[in-house]
Amino acid sequence: MQHQAIESGQARKPYDPTYDPVVAPDPGHGRDYAPTYWIGTAGGPPADDGPVRADIDADVVVVGSGYTGLSCAIHLAREHGIKAAVLEANGVAWGCSTRNGGQAQISAGRLKRSQWIERWGVEVAKKLHREIAEGFDLFRALIAEPEIDCQPQDGGHLYIAHRDKMMPGLEKESRLLNEVFGYPTRILGRDEIHRDFVRDAEARGAMYEPDGMGVHAGRLAFGYLKLARRLGAKVHTDSPVIGYSRRDGFHYLATPGGTVRARAVAFATAGYTSPGLHPLTRHRLMPVLSNSIVTRPLSEQQVAALNFRTKIPLTDTRTLRHYYRLMPDNRFQIGSRSAITGADATNQKHLDLLLAGMARKFPSLKGIEVDYSWWGWVDVSHDMMPRIAQPDPAQSLFYAMGYGGNGVMYSAQAGRRLAQMVAGKGKGLDLPIFTSALPHHGLLTPFRRIGQRALYRWYHLRDELL
């Protein structure tokens with residue numbers, strides 16, 4: 001399916017299902033969107049400012065037009081009076097922001113609160129929790145803007161134990177959240193889950209968090225675009241950064257249509273960060289693939305048989321977790337890990353694994369028609385936590401990325417923090433995610449995927465067999 005035409009009047013280049021940010025020199029130029037449910041049902045992207053067609057000047061360039069980049073542009077304009085130029089290689093929100101599961105949770109990165117304490121101590125962990133909670137408040141305020149109609153399904157998040165052995169850990173984390181962080185979670189038993197939420201056959205119990213929301217990922221991104229442009233930002237699609245230089249205190253970003261000169265640059269490219277984009281972003285992430293499917297609409301009888309009484313986000317306790325929910329149109333959506341390389345992404349076995357995972361949870365859905373199937377790259381940092389930072393104080397370059405699959409909500413706050421730093425108002429942002437650069441794998445970088453294969457085998461053994 002072809003979507004928006006590029007400004008030259010030509011149709012977009014075909015979507016490349018084997019694209020791999022570890023090896024590809026760039027994310028492409030003018031490529032079509034992945035065939036996601038979000039793109040298929042969002043009604044088409046709103047107007048943007050088209051490609052860069054001549055050399056231009058900008059106070060700030062934001063590279064990447066996903067949630068983070070557009071939030072940065074929104075807050076630069078709204079809070080600092082700076083009208084940024086956003087550069088996007090393909091269509092608006094072409095990467096992570098239209099390939100995720102649409103789950104907004106009160107988290108960022110892959111670590112639990114107990115792991116925050118182990119790494120940074122109780123006081124830093126408490127401050128980080130307040131930052132994440134403030135991010136959820138900002139997210140709720142943003143999606144209330146008239147430009148944004150993202151079909152929110154608010155009401156909390158259920159973290160479901162898929163085996164009995166996972167319950168003690170959930171109970172411990174719940175106590176920690178309640179007693180140390182003052183965050184009112186509660187533990188549910190299997191019968192209560194089946195009675196009040198959903199008849200998930202694997203569920204052995206769960207931790208309920210009061211903050212959690214399902215959203216239409218594509219409508220969210222396109223709403224951000226409308227809001228950013230109303231506030232004065234320019235969003236240039238089909239304008240990949242194909243060259244970079246710095247001289248006389250300015251950054252020069254070359255695109256196919258012209259060079260953009262800027263005083264500051266903010267990178268918001270997440271899992272689609274090209275190796276050659278800039279030395280400060282090179283190999284700072286471990287992109288991993290996640291598969292997602294959306295079924296045909298369930299009948300009312302099927303919904304009743306599954307006792308689906310909720311449409312809030314659901315995730316399970318596997319290390320390579322499943323994330324799933326019932327959509328507003330009664331379709332069932334589920335996602336989990338996929339291939340290790342882009343070259344293997346089209347292998348049927350990855351879809352079969354996801355379908356098998358769905359059938360374990362909901363046996364009656366085995367064999368149901370799948371209307372949408374896609375995959376996307378998740379921006380996992382090497383220490384499992386995001387960074388919103390100025391990695392080199394001598395350069396007016398900034399980035400926000402590394403959410404590890406938990407960026408739908410926090411990317412709004414990350415974009416706001418990124419805008420603060422770019423505007424020179426970052427004093428007081430003293431959490432570790434603001435004061436340190438994304439870690440590097442150093443000499444082990446070429447061997448990361450060998451380790452990933454071994455870890456995936458170990459995770460499967462631990463999650464399913466041991």
Side-chain angles (χ1 to χ4, degrees), residues 1-3 12-21 27-28 31-45 66 90-91 93-103 151 214-221 271-272 287-299 302 306 308 311 313-316 318 320-379 405 408 456:
M1 178 168 54
Q2 298 292 330
H3 297 285
R12 289 197 173 279
K13 299 169 187 174
Y15 159 67
D16 178 8
T18 64
Y19 166 77
D20 189 331
R31 287 200 176 275
D32 202 3
Y33 288 95
T36 70
Y37 171 81
W38 316 120
I39 291 298
T41 60
N90 300 290
W94 176 85
C96 303
S97 298
T98 52
R99 307 191 199 198
N100 62 76
Q103 293 197 1
Q151 300 175 340
V215 297
H216 189 296
R219 287 174 176 263
L220 176 63
Y272 294 79
V288 300
L289 273 175
S290 181
N291 262 24
S292 195
I293 59 171
V294 174
T295 71
R296 65 152 172 79
L298 306 188
S299 68
Q302 286 175 307
L306 295 171
F308 245 122
K311 291 184 178 178
L314 312 169
T315 56
D316 70 19
R318 288 176 169 86
L320 302 172
R321 67 188 176 197
H322 290 88
Y323 50 92
Y324 47 112
R325 63 185 170 113
L326 190 65
M327 309 288 272
D329 57 5
N330 277 356
R331 296 175 188 268
F332 181 74
Q333 184 268 336
I334 185 169
S336 188
R337 66 98 163 176
S338 182
I340 289 176
T341 66
D344 190 45
T346 58
N347 192 321
Q348 179 67 28
K349 71 179 183 182
H350 304 299
L351 176 58
D352 290 343
L353 280 171
L354 185 54
L355 292 171
M358 176 178 69
R360 284 197 302 271
K361 295 178 182 302
F362 306 105
S364 65
L365 295 184
K366 185 175 182 179
I368 191 172
E369 298 92 331
V370 172
D371 283 351
Y372 298 89
S373 174
W374 72 91
W375 46 89
W377 292 96
V378 179
D379 58 329
V408 171
Y456 273 19

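These figures come from a predicted structure and were not determined experimentally.
- If you take CG on Leu320 and OG on Ser290, they are separated by 10.0 Å, rounding to the nearest 0.5 Å.
- Side-chain contact annotation: Tyr272 with Asn90, donor-acceptor N/O pair under 3.5 Å absent.
- When all heavy atoms are compared, the tightest approach of Pro328 to Gln151 is CG-OE1, 4.1 Å.
- In summary, of the residues considered (Ser292, Pro17, Ser338), a side chain to side chain contact (heavy atoms under 4.5 Å, CB included) with Trp374 occurs for Ser292 alone.
- Across every non-hydrogen atom of Cys96 and Gly271, the tightest pair is SG-N, 3.6 Å.
- Listed for the Thr98 side chain is no donor-acceptor partner under 3.5 Å among the backbone atoms of Ile39.
- To the nearest 0.5 Å, atoms CD (Gln302) and CD1 (Ile368) are separated by 5.0 Å.
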CA sep, side-chain torsions, deciding dist, call: Lys311, Asn330, side chain to side chain contact (heavy atoms under 4.5 Å, CB included): CA-CA 9 Å; Lys311 291 184 178 178; Asn330 277 356; 3.4 Å; yes
Test log, rule side chain to side chain contact (heavy atoms under 4.5 Å, CB included), inputs Arg31 and Tyr15: CA-CA 6 Å; Arg31 287 200 176 275; Tyr15 159 67; over 6 Å; no
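- Between Ser336 and Leu354, the closest side-chain pair of non-hydrogen atoms falls below 4.5 Å.
- Atoms CZ and CD, on Arg296 and Glu369 in that order, are 5.0 Å from each other to the nearest 0.5 Å.
- Here the closest heavy-atom approach between residue Arg12 and residue Gly91 is recorded as NH2-CA, 3.6 Å.
- Taking both residues in full, the closest heavy atoms of Leu314 and Phe308 are given as CD1-CE2, 4.2 Å, listed atom of the first, atom of the second, then distance.
- Residues Val370 and Leu351 have side chains not in contact (no heavy-atom distance under 4.5 Å, counting atoms from C-beta outward).
- In this structure, CG in Asp352 is found 10.5 Å from CG in Asn291, a value given to the nearest 0.5 Å.
- Side-chain N or O atoms of Trp377 include one that pairs as donor or acceptor with a backbone N or O of Tyr19 at under 3.5 Å.
- Between Leu298 and Leu306 there is a side-chain heavy-atom pair separated by less than 4.5 Å.
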Audit row: Val378, Val288, side chain to side chain contact (heavy atoms under 4.5 Å, CB included) steps and yes/no: CA-CA 5 Å; Val378 179; Val288 300; 3.8 Å; yes
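- Geometrically, Arg99 engages Trp94 in a cation-pi contact defined by less than 6.0 Å to the ring centre and at most 45° from the axis.
- Minimum heavy-atom separation, Leu289 to Thr341: CD1-O, 3.9 Å.
- Interatomic distance, CZ of Arg337 versus NE2 of His350, reported as 7.5 Å (0.5 Å rounding).
- In this structure, the separation between CD1 on Ile334 and CG on Asp316 is 7.5 Å, given to the nearest 0.5 Å.
- Not a single donor-acceptor pair under 3.5 Å links the side chain of Thr315 to the backbone N or O of His322.
- Using a 4.5 Å heavy-atom cutoff, the side chains of Ile293 and Ser373 are in contact.
- In summary, of the residues considered (Thr41, Thr36, Thr295), a side chain to side chain contact (heavy atoms under 4.5 Å, CB included) with Tyr372 occurs for Thr41 alone.
- Summarising the geometry of Ala221 relative to Ala93, their closest heavy-atom pair is CB-CB, 3.4 Å, with the distance given to 0.1 Å.
- Under the 30°/60° scheme for interplanar angles, the aromatic rings of Phe332 and Tyr324 are found to be tilted.
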